[in-house]
Amino acid sequence: MFRFRLKREGCFGAPMTKNIRSFVDPMTFVRFIHVDATMLPPETWKKYDALTDADFRAYFLENKFEFVDMDVEVHELAHYWQGVAFPYIHWYAFMSLKIISEAIGALANASSDYKQWSCQIPSLRRISQKQAIQINNLNAFGEDGIRFEITELELLECYTSLIQWQIITETSAFDAATFRRWLKRNPSYHSAYDVCCKVVKSEEIAIRLFLPLVRAAFRTSRPVESFGLLLSYMNLDSSFFSTFIAQQEPCRWDELFSHILTREVDLPDANMGDFDTAQNGLLDNALGLTFGSSKLGHPILTPDTKRWLQEKESNEGFDGFLSSPRFATERNSRIHIQEIYPPSTIIRIHSPNRSRNIFMTRGVNAPSLDAHDYGEQIHSFLVFNGVIRRAAGLSLGSRLCSHQSCQHYRANFCNGYHLAPEDPKDCKFPLFLSNTIEQMNYQLSGTPKTPMLREESSWLKKNAGLLSKFLRGLRRMN
């Protein structure tokens, strides 16, 4: 047994306590699980090695908690709910995909040698950049007010820690002392929660309002700024707030924060096409985003977001699960926990004899990444993400390949390529990327000639029209 935390810039990672590392990619919302088989008894990892990919998928689904405990499972579920239902995170996933696709096109147009690619994309660092917030309220905080620095990622992680605790424990959902002990005893995130406790001067009040507060902040295009703005209204000395918090839970926190944003502050609608310089505004239409007029949604999030919005419209209180899960109905809890679930997972087994990557979907009959349209779409997006993060000098996290002797290993542009073969001589990453670049240049330039598509390009051949439509949608997105 060993304990560590996965730190990956701009990704949602669960603090881990076993031989597992796990994180959710914030562009594609694919979940990655790294299983370190060397930390397991020899008979266990030998059993893994003997299983075919299909048999391992079935074994994983039947024995999930042999790999991940309930804490980790709920933690990563919460991150997926954020992508599905938090307007800012949904918008961030779309805009990141747009930015990365445009960067691939621009770099490919400048040079066909991807090893020479280099770029600066500050937008991709945004979620993990510290932002300074000053709260000035003379009545509540004195002349100096309260100043703090925090990142969007810290807000998301603190939200995840609290909702994780409320779902998996049997104590009172608002037992602040027990939650504080849990934070100390478990790898967890609590910096934003600590700020909230300081501002409202009460852990008992902070634990009640924190989840709906973060949800409201991520309804806007500047979540950290909105977090501070909403906190500035939480004055325990005011008669209204004192009366409000005197009520028994569940209180109408979601409605209160919505009133502050739309009536007290009167935030305008955000310009969803302006990711870098956008002023703070509401993102109420972000969950319906498509790429231009193509009607193409996010490849993973959009189906579950549509389902979530339909349930919210027809089922009063459905979305309240994300603000106060203990007060949700059994049906609403079941839908979130069992059905609003990451549809794609890549499991990396680090074994002494047979390291490999296994692609999982929600069911046993998972498609093969090298043979199924859906799998190849996700595969392409993850490869693009890995290449551009490497070119931009961003943190890349854990590798999906252990072939240190491979000529491509050191450059690490292939960090998002999960079809790592057992023999590095069989690696098709350069061929895959060159085919994709050639097809993108062809579609972007509109050149009438037929592009030279070589081996390993079945998806590109079958979906050239879809790719063209997708790229046109990216250019028109506003």
Side-chain angles (χ1 to χ4, degrees), residues 8-12 23-32 83 88-112 114-129 152-153 272-276 278 286 289-292 294 296-302 344 346 376-397 400 411-418 429 432-441 443-444 459-460 463 466-478:
R8 185 171 189 258
E9 183 179 45
C11 281
F12 307 137
F23 67 88
V24 175
D25 179 83
M27 183 187 80
T28 61
F29 276 82
V30 171
R31 180 184 181 183
F32 291 84
Y88 177 87
I89 299 303
H90 202 83
W91 181 53
Y92 181 89
F94 262 80
M95 294 304 291
S96 296
L97 181 56
K98 176 179 185 289
I99 290 166
I100 285 172
S101 299
E102 289 176 342
I104 283 278
L107 290 169
N109 189 54
S111 172
S112 60
Y114 66 87
K115 292 182 180 179
Q116 303 302 315
W117 289 359
S118 179
C119 59
Q120 294 293 324
I121 309 180
S123 300
L124 298 183
R125 299 180 185 270
R126 174 171 167 176
I127 200 170
S128 54
Q129 287 181 326
E152 294 168 1
L153 189 58
M272 289 189 291
D274 188 6
F275 193 55
D276 292 318
L289 275 173
T290 59
F291 291 104
S294 66
L296 292 173
H298 190 280
I300 283 183
L301 294 177
T302 293
S344 297
I346 293 175
E376 282 214 38
Q377 289 183 57
I378 303 304
H379 177 51
S380 300
F381 295 143
L382 285 170
V383 170
F384 291 174
N385 188 24
V387 168
I388 293 303
R389 291 185 70 86
R390 168 62 179 82
L394 298 171
S395 174
L396 301 172
L400 296 170
N412 201 22
F413 280 90
C414 55
N415 67 86
Y417 185 78
H418 356 81
F429 165 73
F432 176 87
L433 188 58
S434 63
N435 282 334
T436 304
I437 290 169
E438 193 165 350
Q439 182 70 6
M440 288 188 73
N441 278 335
Q443 297 293 348
L444 288 168
W459 182 80
L460 291 174
N463 294 279
L466 176 64
L467 180 59
S468 176
K469 193 175 183 181
F470 170 72
L471 294 168
R472 290 197 304 269
L474 287 178
R475 293 199 300 273
R476 289 197 300 267
M477 186 177 176
N478 52 55

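Here the closest heavy-atom approach between residue Ser118 and residue Leu107 is recorded as O-CD2, 3.9 Å. Minimum heavy-atom separation, Leu301 to Gly83: CD1-O, 3.5 Å. Closest heavy-atom contact between Arg125 and Gly393: NH2-O, 3.5 Å. The two atoms that bring Asn415 and Val387 nearest to each other are ND2-N, 4.4 Å, heavy atoms only. When all heavy atoms of Phe384 and Ser101 are compared, the closest pair comes out as CD1-OG, 4.5 Å. For Ile346 against His418, the heavy-atom pair with the smallest separation is CD1-CD2, 3.1 Å.
One finds the CE atom of Met95 at 10.5 Å from the CG atom of Leu97 (value rounded to the nearest 0.5 Å). To the nearest 0.5 Å, atoms CD1 (Ile388) and CE (Met27) are separated by 10.0 Å. Arg31 CZ to Ile300 CD1: the interatomic distance, rounded to the nearest 0.5 Å, is 13.0 Å. Rounded to the nearest 0.5 Å, atoms CG (Asp25) and OG (Ser96) are 9.0 Å apart. A distance of 11.0 Å separates CG of Leu433 from NZ of Lys115, quoted to the nearest 0.5 Å.
Ring planes of Phe429 and Tyr114: perpendicular class, angle over 60° (limits at 30 and 60°). Between His298 and Phe29, the ring planes are perpendicular. Angles over 60° get that label, and only those under 30° would be called parallel.
Taking the centre of each ring, Tyr88 and Trp91 come in below the 6.0 Å mark.
Within the 3.5 Å criterion, the main-chain N or O of Arg390 finds no donor-acceptor partner in the side chain of Trp117.
Between Pro26 and Ile89, every side-chain heavy-atom pair lies at or beyond the 4.5 Å cut-off. Two residues are said to be in side-chain contact when any heavy atoms from C-beta on lie closer than 4.5 Å; Phe32 and Leu382 meet this criterion. Between Leu400 and Tyr417, every side-chain heavy-atom pair lies at or beyond the 4.5 Å cut-off. Side-chain contact between Ile100 and Leu124 is present, with heavy atoms from C-beta onward closer than 4.5 Å.
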